[in-house]
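Some notes on the structure that comes next.
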Amino acid sequence: MRTQYAVRLVAAALSLAPAAARAADAVPADMSEKLETCAACHGADGVSPNQEVPSLAAQPDIFTQWQLVYMRDGTRKVEAMEEVVKGMRDSDIRFYGPYFASLPPPVPEHPKASNAESAEVLNLIKPRRCASCHDDTMAGKGEIPRLAGQRADYLIKAFRDYRSNVRRGRGQAIMVEMVSTLSENDIKILAEYLSRLP
Amino acid sequence: MTWLSAATARLTLATGALFALGLSSYVFDSTPAPAQGLKSYDSNKKEFWTKPPDDWFLGDETEQQKGQAPNPGQPLPTPLADLEKILATIKLPQGFKISVWANDIAQARQMAWGDKGTLFVGTFDKGIVYAVTEQGGKRVVKTFIKGLRMPTGVGFLNGNLYVIDIDKLYEYPNAEANLDAAPQPKVVYDDMPPYIPHGWKYLIPDKEGWFYIPFGPPCNICYAPTSVNQYRRVDPKTGMAELVAVGIRNSVGGDIDPRTGHLWFTENARDWISDDLPSDKLNHVRKLGLHFGYPYCHQGDLLDPVFGKGKDCKDFEPPALNLGPHVAPLGMKFYSGNQFPAEYKNNIFIAEHGSWNRKEKHGYRIMRVSVDADGKNAKQEVFAGTWLDGQKITGRPADIQIAPDGSLLIADDQAGAIYQISYGK
């Protein structure tokens, strides 16, 4: 486990250069080191190369802050994050929110043409009124996460976690209801669709 | 059902007839099929409150109300510099000023003074109780208790701190002498339903050293179990309790009128009727055994569209004052200090948490109510506000306390701060 982490860290450090250069003036010295820890799993540009690890790039500021606070309080339990959030300062959290929000969103490998949703997808999305919270573009806003361009395997994990009530936090009330009637196949269709939104 | 019958049996009944009133109306309506895409709630079933849905606070909505939900708050307390900018926008009467008294105090709810000058502050689902002290001229905020469920209500009597956490009234003996590590608490009263919906409470100490405690229904509107919709009076020394008043929805604030010793309390009215109905209330418990109307009659003159059938508002105690729709009145205090001008003596200050079940935001301010001791001639005016920047919420007043110097302290559970309003100089 430790070796694997170290390997990732090195790999991340090597690939960190472009992102660091772009956001350099905005990042205080003491934060760049901490950002390397984030990059190790979430990717240098906040675009995750790792299975079931979410991309953070272009996530709404307040959403990221809430999740870090939930994880720090122990409300939301994510084993891989436990060491990271322990002792995380409020000022760190206030930095991470706007920082990740400022990164360009993930570019899907096979972007979906707009207005090309299949009837299958529409039947899942329309009655659940996903856009009323996640926005028409699925870019999220405020405390609501961006879904567009998120890794499909992570979305599947998130859907399952909501469905089994493992994922805690204030969005839980509505999301449990939204996903409780989704089949495994529905989840895959939705995740695939959302991950391909630009 | 066991806790319910036990609760009923163990309550010292002030008025036995009140229970019969609740039970005789215990009829389930069948809910019509919901319109396509609209949320619908049947909160009359026992399962609804024993295993409440996560979104239990929502209700049958109209097309216009789609998507309305309680405010998510903010992840972290507002930084000091931003608090000062916000306070600069708060309007006050001539001669008053407002400043930050303490910050970094996430989810600050009810406040209670210890004998030696410690301010204890409850929280919502943070589950902690803070102790704010002065050390070397600096105000220090410390986490005193943690790991509770929703310790919104705190009180201080005879050197002990009392914390009410949904269904447990804890006593922390000699709390101020043990600020470094909270002493092991003793449960002094636990005859309360265990569910979270409207289960967060408030403690109102009276002169005899008992606490008035509100019990909200586990729903927006329903025929609830007979052990809720009420105020009880509990003696923390013996665990004895008596029923004081019924027909009450969600109350999270009240105070004793220093002129009469009577309990007054704020009440959050039901949601999902409309933006402008019904009004939230200020109630006066002028005698034991009053029924304040819930779930049958709202704001003294509005029969509930479902539960009001066959009822008459004349049969229920009207509010001393209607405070306005969805303003969410929480903590309140009779002004007993000596700092403010004489005309403020025995006026009531009310913290309005602010609306969510409404298109345009309403509330988010401190109201001043003047009223005669017998409950007559009540009128209100805005005292401090508003914590709104357009439709953006900049703070949510949750409780009011009077400082020893006669200034007013306001707990804000969104900004995570306590403000001080003082007069003169």
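Letters A, B, ... are given to chains in the order of the sequence lines, protein chains preceding strands, and every chain is numbered from 1. Excluded from the calculations below are hydrogen atoms, water molecules and symmetry mates; all remaining heavy atoms, backbone and side chain alike, are included.
- Residue contact with chain B, scored on non-hydrogen atoms closer than 4.5 Å, involves the side chain of A/E143 exclusively.
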Check against side-chain contact (heavy atoms from CB on, under 4.5 Å), B/K126 and A/V69: CA-CA 11 Å; B/K126 278 264 167 202; A/V69 168; 4.2 Å; yes
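- For A/D73, the part lying under 4.5 angstrom from a heavy atom of chain B is the side chain only.
- Smallest separation of non-hydrogen atoms from B/L76 and A/R94: CD1-CG, 3.8 Å.
- Counting non-hydrogen atoms of other residues, nucleotides and ligands closer than 6.0 Å to NZ of B/K142 gives a total above 12.
- Nearest heavy-atom pair, B/P75 versus A/I62, reported as atom, atom and distance to 0.1 Å: CD-CG2, 3.9 Å.
- Around atom CD of A/E109, no more than 12 heavy atoms belonging to other residues, nucleotides or ligands sit under 6.0 Å away.
- Looking only at side-chain heavy atoms (C-beta outward), B/D125 and A/T75 stay at 4.5 Å or farther from each other.
- Shown here is A/E184, whose CD atom has more than 12 heavy atoms of other residues, nucleotides or ligands within 6.0 Å.
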